[in-house]
Colleague: 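The structure under discussion is supplied below as structure tokens; questions concerning it will follow.
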Amino acid sequence: MRTAPGPRLLVLKVGGSVLSDKHTTGATDYAAIDDFAARIADLHAEQPGRIVLVTGGGALCHPVGLRIKADRTDAYAAVALTEPAFAMRWAWTTRLRAHGVRAVPLQVSAMYTERPDGTVVQTEAVERLLRAGALPVLSSDFVVTAAGTLRIFSSDEVPALFTAERFRPLRVVALSDVPGILTGGGAVLTAVDPHRLDEIRGLLWSRPGDATGAMDGKVEALAALARDGAECVIARGERTQPLRHLFAPMTEWPPATPRTLIAVGAHR
């Protein structure tokens, strides 16, 4: 497989599992957000106008997401996601701005609408901010369906807003609490062809009571992007490590940085 050059746009998703404990304490680690914000600020200073940040909801959004999914009587229950999702975006925005980044939180529900004849994606506001050298901050949200009701639009789905040709080459990096897709022996699967997910299905996992499908949901969303030509990577979120390599060709990433590449033609 020919090695792709660095991306025109990097969509960096920092998963909620890196920042919080969804399943036991329910706590969010705001110091971790600040540490990541400092690293992202350094990267943004070198690559202004080429980064979109997507934050996972973590412990703030997880219990709300579970309640929404359990409520089968209210077609508009997903509106409750507005408050915790914005709280997470605002936590990132304030800490990025403290590090000198012109970060701007945006709401996905204003950019994405489902219609009977397809979806409508409007990213003009994001593009204007990128041209001005600002950093858009997105997260999970609700969106309006073709039936006029609401549904959850998870943070794993958000990178799909940027598949238009003007954003390519597109790289999506999902930072998680694991260094990639793990094999049974604890090693990291280095590469996955998105057309051959059945070959690795046994390595993917979900967790009962997880609102977003855990690794299974993450890989499904990234594989859909990869089938559309994006270069997608799952790696561990290291809060104190530089992120400059995220714009480099994959062959130039630090050898000691384990990750799983999901891309058409990728081979293990």
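All values reported here derive from a predicted model rather than from experimental measurement.
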Colleague: Are side-chain heavy atoms of Trp92 and Leu19 found at a separation under 4.5 Å?
Modeller: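 Side chain of Trp92 against side chain of Leu19, heavy atoms only: contact under 4.5 Å found.
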
Colleague: Side chain of Arg67, backbone of Ala80: donor and acceptor closer than 3.5 Å?
Modeller: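 Answer holds: no.
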
Colleague: Tell me, do Arg95 and Tyr30 make a side-chain contact under 4.5 Å, heavy atoms counted?
Modeller: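 Contact flag for Arg95/Tyr30 side chains = yes.
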
Colleague: Test of understanding: clusters of I, L, V, M, F, W, Y form through side-chain heavy atoms closer than 4.5 Å, transitively. Do Val52 and Val121 belong to the same one?
Modeller: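 Yes, because Val52 and Val121 connect within a single hydrophobic cluster, where side-chain heavy atoms sit under 4.5 Å apart.
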
Colleague: Membership question, hydrophobic clusters at under 4.5 Å side-chain separation (ILVMFWY): are Val11 and Val104 in the same one?
Modeller: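 Same hydrophobic cluster.
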
Colleague: Are Val64 and Glu83 close enough, and set up right, to give a side chain to side chain contact (heavy atoms under 4.5 Å, CB included), and what steps lead you there?
Modeller: CA-CA 10 Å; Val64 178; Glu83 182 178 6; over 6 Å; no

Colleague: For residues Ile33 and Met88, determine if any side-chain heavy atom of one lies less than 4.5 Å from a side-chain heavy atom of the other.
Modeller: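 In contact.
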
Colleague: List the steps, then state whether side chain to side chain contact (heavy atoms under 4.5 Å, CB included) holds for Leu150 with Leu81.
Modeller: CA-CA 11 Å; Leu150 306 181; Leu81 192 61; over 6 Å; no

Colleague: Quick check: does any side chain N or O of Thr94 sit under 3.5 Å from a backbone N or O of Ala91, one acting as donor and the other as acceptor?
Modeller: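 Yes.
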
Colleague: Which is it for Ile234 and Met215 under the side chain to side chain contact (heavy atoms under 4.5 Å, CB included) test, yes or no, and what are the steps along the way?
Modeller: CA-CA 10 Å; Ile234 302 171; Met215 184 60 75; 3.9 Å; yes

Colleague: State the CE-OG1 distance between Met111 and Thr123, to the nearest 0.5 angstrom.
Modeller: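 Rounded to the nearest 0.5 Å, the CE-OG1 separation comes out at 8.0 Å.
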
Colleague: Report yes if the side chains of Gln107 and Thr82 come closer than 4.5 Å at any heavy-atom pair, otherwise no.
Modeller: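 Sidechains of Thr82 and Gln107: in contact.
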
Colleague: How far apart are the closest heavy atoms of Leu225 and Ala160, and which atoms are they?
Modeller: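 Scanning both residues, the minimum pair turns out to be CD2-CA, 3.5 Å.
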
Colleague: How many angstroms lie between OG1 in Thr163 and CG in Leu9, if you round to the nearest 0.5 Å?
Modeller: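 Reported value, rounded in 0.5 Å steps: 11.0 Å.
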
Colleague: Is there a donor-acceptor contact under 3.5 Å from the side chain of Arg39 to the main chain of Pro242?
Modeller: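 No, the answer is negative, given that no donor and acceptor are paired below the 3.5 Å cut-off.
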
Colleague: For Val188 and Leu182: C-alpha separation, side-chain torsions, deciding distance, then whether side chain to side chain contact (heavy atoms under 4.5 Å, CB included) applies.
Modeller: CA-CA 5 Å; Val188 176; Leu182 300 175; 3.9 Å; yes

Colleague: Charged N to carboxylate O below 4.0 Å: is that the case for Asp228 and Arg168?
Modeller: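 A salt bridge is present here (some side-chain N lies under 4.0 Å from a carboxylate O).
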
Colleague: If only side-chain N and O atoms count, and only distance matters, is there a donor-acceptor pair under 3.5 Å linking Ser139 with Arg89?
Modeller: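 Judged by distance alone, the side chains do pair up.
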
Colleague: Counting C-beta onward and ignoring hydrogens, is there a side-chain heavy-atom pair between Val144 and Ser109 closer than 4.5 Å?
Modeller: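 With C-beta onward as the side chain, the pair stays apart.
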
Colleague: So, does Asp141 use its side chain to make a donor-acceptor pair with the main chain of Val108 at under 3.5 Å?
Modeller: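 Indeed, once roles are kept as given, a pair shorter than 3.5 Å links the two residues.
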
Colleague: Is it the case that Asp42 and His99 place a side-chain donor and acceptor less than 3.5 Å from each other?
Modeller: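 No donor-acceptor contact under 3.5 Å links the two side chains.
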
Colleague: Do you know which two heavy atoms are closest between Gly6 and Pro249, and how far apart they sit?
Modeller: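 Taking Gly6 first and Pro249 second, the nearest heavy atoms are N-CG, 4.3 Å.
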
Colleague: To the nearest 0.5 Å, tell me how far Thr260 OG1 sits from Leu203 CG.
Modeller: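 Atom-to-atom, Thr260:OG1 and Leu203:CG are 9.5 Å apart.
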
Colleague: So does Ala75 get a backbone contact from the side chain of Thr149, meaning a donor-acceptor N/O pair under 3.5 Å?
Modeller: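 No, because the side chain of Thr149 does not come within donor-acceptor range (under 3.5 Å) of the backbone of Ala75.
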
Colleague: Please examine the side chains of Leu106 and Leu138, heavy atoms only from C-beta on, and report whether any two atoms are closer than 4.5 Å.
Modeller: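 When only atoms from C-beta onward are counted, Leu106 and Leu138 do touch, with a gap below 4.5 Å.
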
Colleague: Between Arg50 (side chain only) and Pro7 (backbone N and O only), is there a donor and an acceptor less than 3.5 Å apart?
Modeller: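 Checking the backbone N and O of Pro7 against the side chain of Arg50, a donor-acceptor pair under 3.5 Å is found.
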
Colleague: Which pair of non-hydrogen atoms, one from Leu197 and one from Ala223, has the smallest distance, and what is that distance?
Modeller: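 The answer is CD1-CB, 3.6 Å.
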
Colleague: Looking only at non-hydrogen atoms, find the nearest pair between Ala110 and Gln122 and report the distance.
Modeller: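 In this case the closest contact between Ala110 and Gln122 is O-OE1, 3.9 Å.
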
Colleague: With rounding to the nearest 0.5 Å, note down the distance linking CD in Gln47 to CD1 in Ile40.
Modeller: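 These two atoms lie 14.0 Å from each other.
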
Colleague: Are Leu12 and Leu261 grouped together when hydrophobic residues (ILVMFWY) are joined by side-chain heavy atoms under 4.5 angstrom apart?
Modeller: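 Yes; tracing contacts between hydrophobic side chains, which count when under 4.5 Å, links both residues.
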
Colleague: To check you understand the geometry: which heavy-atom pair defines the closest contact between Ser155 and Thr55, and what is its length?
Modeller: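 Here Ser155 and Thr55 meet closest at CB-O, 3.8 Å.
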
Colleague: For the residue pair His195 and Arg227, establish whether any side-chain heavy-atom pair is separated by less than 4.5 Å.
Modeller: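 Yes, their side chains come closer than 4.5 Å.
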
Colleague: Are Leu189 and Val178 connected in a single hydrophobic cluster, I mean Ile/Leu/Val/Met/Phe/Trp/Tyr linked by side-chain heavy atoms less than 4.5 Å apart?
Modeller: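 Yes, Val178 connects to Leu189 through the hydrophobic network.
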
Colleague: Under a single-linkage definition using a 4.5 Å side-chain heavy-atom cutoff for Ile, Leu, Val, Met, Phe, Trp and Tyr, are Ile51 and Leu246 assigned to the same hydrophobic cluster?
Modeller: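 Yes; Leu246 is reachable from Ile51 via cluster members.
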
Colleague: With rounding to the nearest 0.5 Å, note down the distance linking CD in Glu220 to CD in Glu157.
Modeller: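 Going from the CD atom of Glu220 to the CD atom of Glu157 covers 12.0 Å.
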
Colleague: Is there a side-chain contact between Met250 and Arg171 in this structure, where contact means two heavy atoms from C-beta onward sitting under 4.5 Å apart?
Modeller: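 Result yes, sub-4.5 Å side-chain heavy-atom pair found.
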
Colleague: Mind checking whether Phe162 and Phe167 have parallel, tilted or perpendicular rings, split at 30° and 60°?
Modeller: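 Perpendicular, since the angle between the ring planes exceeds 60°.
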
Colleague: So how far is it from Asp156 CG to Lys218 NZ, rounded to the nearest 0.5 Å?
Modeller: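 If we round to the nearest 0.5 Å, Asp156:CG and Lys218:NZ are 5.0 Å apart.
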
Colleague: Does Arg115 reach the main-chain N or O of Thr113 with its side chain, forming a donor-acceptor pair under 3.5 Å?
Modeller: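 Here the side-chain-to-backbone pair does not exist.
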
Colleague: Where is the tightest heavy-atom contact between Pro194 and Ala263, given as atom of each residue plus distance?
Modeller: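 The pair with the smallest heavy-atom distance is CD-O, 3.2 Å.
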
Colleague: Can you tell me how the ring of Phe153 sits relative to the ring of Tyr112, calling it parallel under 30°, perpendicular over 60° and tilted otherwise?
Modeller: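 Ring orientation of Phe153 relative to Tyr112: tilted.
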
Colleague: Count the heavy atoms of every other residue, nucleotide or ligand shown that sit under 6.0 Å from CD of Glu46, and state whether that count exceeds 12.
Modeller: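 More than 12 within 6.0 Å, yes.
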
